[in-house]
Number of protein chains: 2
Amino acid sequence: MADSTKASNAASPASARTVRRRASITDVAKAAGVAVGTVSNVLNKPDRVLPATRERVEAAIAELNFVRNGSARQLRAGTLTSVGVVVLDLSNPFFTDVARGIQDRLERDSFTLMVAGSDEDLDRERRYLRLYEEHGVQGVIVSPATDDIDHVLAVRERGTAVVLLDRPSPVPEVASVAVDDVAGGRLAVEHLIAQGHERVALLNGPHTIRQCRDRREGAAAAMTDAGLDPEVALEEITVPSLTPDGGEAGIRELLALPAAARPSAVFCVNDLVALGVLRTLRRDGVAVPEEIAVVGYDDVTFAAELATPLSSVRQPTLELGTRAADLLFRPEGSAPEQVVFSPELVIRESSTTSPLEAGSP
Amino acid sequence: MADSTKASNAASPASARTVRRRASITDVAKAAGVAVGTVSNVLNKPDRVLPATRERVEAAIAELNFVRNGSARQLRAGTLTSVGVVVLDLSNPFFTDVARGIQDRLERDSFTLMVAGSDEDLDRERRYLRLYEEHGVQGVIVSPATDDIDHVLAVRERGTAVVLLDRPSPVPEVASVAVDDVAGGRLAVEHLIAQGHERVALLNGPHTIRQCRDRREGAAAAMTDAGLDPEVALEEITVPSLTPDGGEAGIRELLALPAAARPSAVFCVNDLVALGVLRTLRRDGVAVPEEIAVVGYDDVTFAAELATPLSSVRQPTLELGTRAADLLFRPEGSAPEQVVFSPELVIRESSTTSPLEAGSP
DNA sequence: ATGAAAGCGCTAACAA
DNA sequence: TTGTTAGCGCTTTCAT
């Protein structure tokens, strides 16, 4: 990758580097020849102050390049008009779509949204949560990386609104918005069984992640219901990461098996993983769905447009987000809600040769 | 979308709703029978304090569920170990990949990253920037929505480190990391011309966005170089949004033209738009690339795996991010840098029927 | 090693 | 309408 770096060396004049302390409200007051309270009023209740003085103050503000110190402001005021979100993976369209839903809803009340990604790491999740809390956000929406959510509950205990995202709340006092992942896993595998598959590989993430565990449970249940023994019929492969590359690694493991011993279908825990699987199968010349059928999860934007359009379990991302945002600000005394959406299977070519039967776009 | 809402109505016992003020350091001090200064030391320089007292303090902290108030802390300490990022669009994989690059790099110094999306809206950009600044982040990385970046420069003026993302800095004092978009636009259109196309439609965003303007400029330059008149040969269509739906709207406008009057190739300002174009063309039964060739921009993960693999201009996303993070923390006196990466064209089927010639995946 | 106290910048309550 | 002042929770001298 060519990369031209031209350091502009017009060494900044000494003056520009002067250590200029950020102007405070006191400086402004002094410059405008008024009291600090007046400046504060100009900032917060401009009508309380005479147009003439206001102008002088505003001039001083512009002159000194004043920006209100949020920490001080908040120290006084208590809390901030922003909310923090921690999702599992910022590069997963599923989560960014949810984030968009949250933002849409929050915008209405002119709240601001800060997002962080934990990459399924508990420590990082804790750090961000703490950061948000220390800085006094109004609320946090978090999609927990593991079952250990004591730290999340603690945040709520200390008085910050909390909504669990993509995970049903284990305790009644905490609101949550989730999609039934057991149902989703079941949908996917029921469909594969209906297509005649008797052994299915599940490319899954670690079971510390609830979504992964639940989707597996649903998959296994579908097997059992169909009279198949999950122990035999469901071959779980744990991918190194929930990404296309992870999917590639997973499917390679499968392809290493002798063709006879190999499941005829793959259920991927998300569409990113499925993308890697499809990519690898195509490169290796394995026909989808004839030799191996594939089903993904999330129904991301591009799922329908892939070389082999990908069957996928769809989740109502936007609603997840808007609903989560809603729950954050329920009136003080109201009981927290546990919202559970139902997923939907979208059948496309990757899992069926016959003309699409149902639920297709 | 079925949606079962079970409000858990075990109306929380009054006690649980008690308005319990968050415990402060003073409360802890009181509970532990020490001075506030000592508590502070336990928090910040634990070795300065006798193990015995430390334990007592720690017990009190646990007991009271104490969380340090970040605002107060920061008010005293000055600045925070976090940086803020504002990107144009959180749902664009290009930007989330860049964000990941930033986060990777920042992690090393255990900084935390907060991300916000402006959706190409100047006001929103301003709001987030101000929020970050007011809360004293160490630095901000912004991909500006418009040419008006006075507010960004002002942030720097006031002493917060600033790096412009995906946009060369117009002033030498501000660091920037960008990719040459003129070159990118040129690459795309040169390629289309080489494929024999004499009229190209450009599905573009508003020219207030620099990336859109530059890519167009490159496209036009390629035309001129080839002896074509851009006025005639380059048909620009402004899409309502830089998304698949925007792409659909744009291409429909094109399809409405009589086939003879219609350009034989489409250059999309990003891959999301291109996705919508491909989707629409497929639904309408228009052959790609035979009837209409398509080139996108960004080379997102799924570009290679689409029904018609998408030719696209690739940008070094991760490096963009890591480099931006690097620039944020150059030593005090060092001259700001303007980093410009070069894009690369990845040719796939969507723009050529002949076997791939170069730069393919 | 610990305590006492000043003060960061702001808002709100009160006084003038 | 404007000025004065207390105090938010914390860190950091400076004493002890």
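For A/D47 and D/dT1, the CG to P distance is 10 Å, given to the nearest whole Å. As a whole-Å value, the separation of B/K30 NZ from D/dG9 P is 11 Å. Atom CG of B/D27 and atom C1' of D/dG9 are 10 Å apart (whole Å). In this entry the distance linking CD1 of B/I61 with P of D/dG9 reads 16 Å, nearest Å. Straight-line distance from the CZ atom of A/R56 to the P atom of D/dT2: 8 Å, rounded to whole Å. To the nearest angstrom, P of C/dT11 lies 9 Å from CD of B/E134.
Salt bridge A/R210/A/D147: absent, no basic N to carboxylate O contact under 4.0 Å. Under 4.0 Å is where a charged nitrogen must lie from a carboxylate oxygen, and between A/D89 and B/R100 at least one such pair does. Using a 4.0 Å cut-off between charged nitrogen and carboxylate oxygen, A/R22 and A/D27 do not count as a salt-bridge pair. One finds no salt bridge joining A/E134 and B/R73 here, because no Lys/Arg side-chain nitrogen approaches an Asp/Glu carboxylate oxygen to under 4.0 Å.
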(message) Strictly under 4.0 angstrom, non-hydrogen atoms only: write out the protein contact profile of nucleotides 10-16 of chain D, one letter per nucleotide from the 5' end, B, S or -.
(response) BBB----
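Under the rule for a side chain to side chain contact (heavy atoms under 4.5 Å, CB included), the partners of B/L122 that lie at least two apart in sequence or sit in another chain are B/E125, B/R126, B/T146, B/D148, B/H151. In this view, A/P170 and A/I149, A/L164, A/R167 satisfy the side chain to side chain contact (heavy atoms under 4.5 Å, CB included) rule, not counting sequence neighbours. Scored by the salt bridge (Lys or Arg N to Asp or Glu O under 4.0 Å) test, B/E107 finds A/R124, A/R127 as partners (sequence neighbours excluded). A search for side chain to side chain contact (heavy atoms under 4.5 Å, CB included) contacts involving A/P206 returns A/T208, A/I209, not counting sequence neighbours.
Inter-axis angle, ends of the helix from C/dA1-D/dT16 to C/dA16-D/dT1, five pairs per end, rounded to 10 degrees: 40°.
Residue A/S71 has no polar side-chain atom (N or O) positioned under 4.0 Å from OP1 or OP2 of C/dC10.
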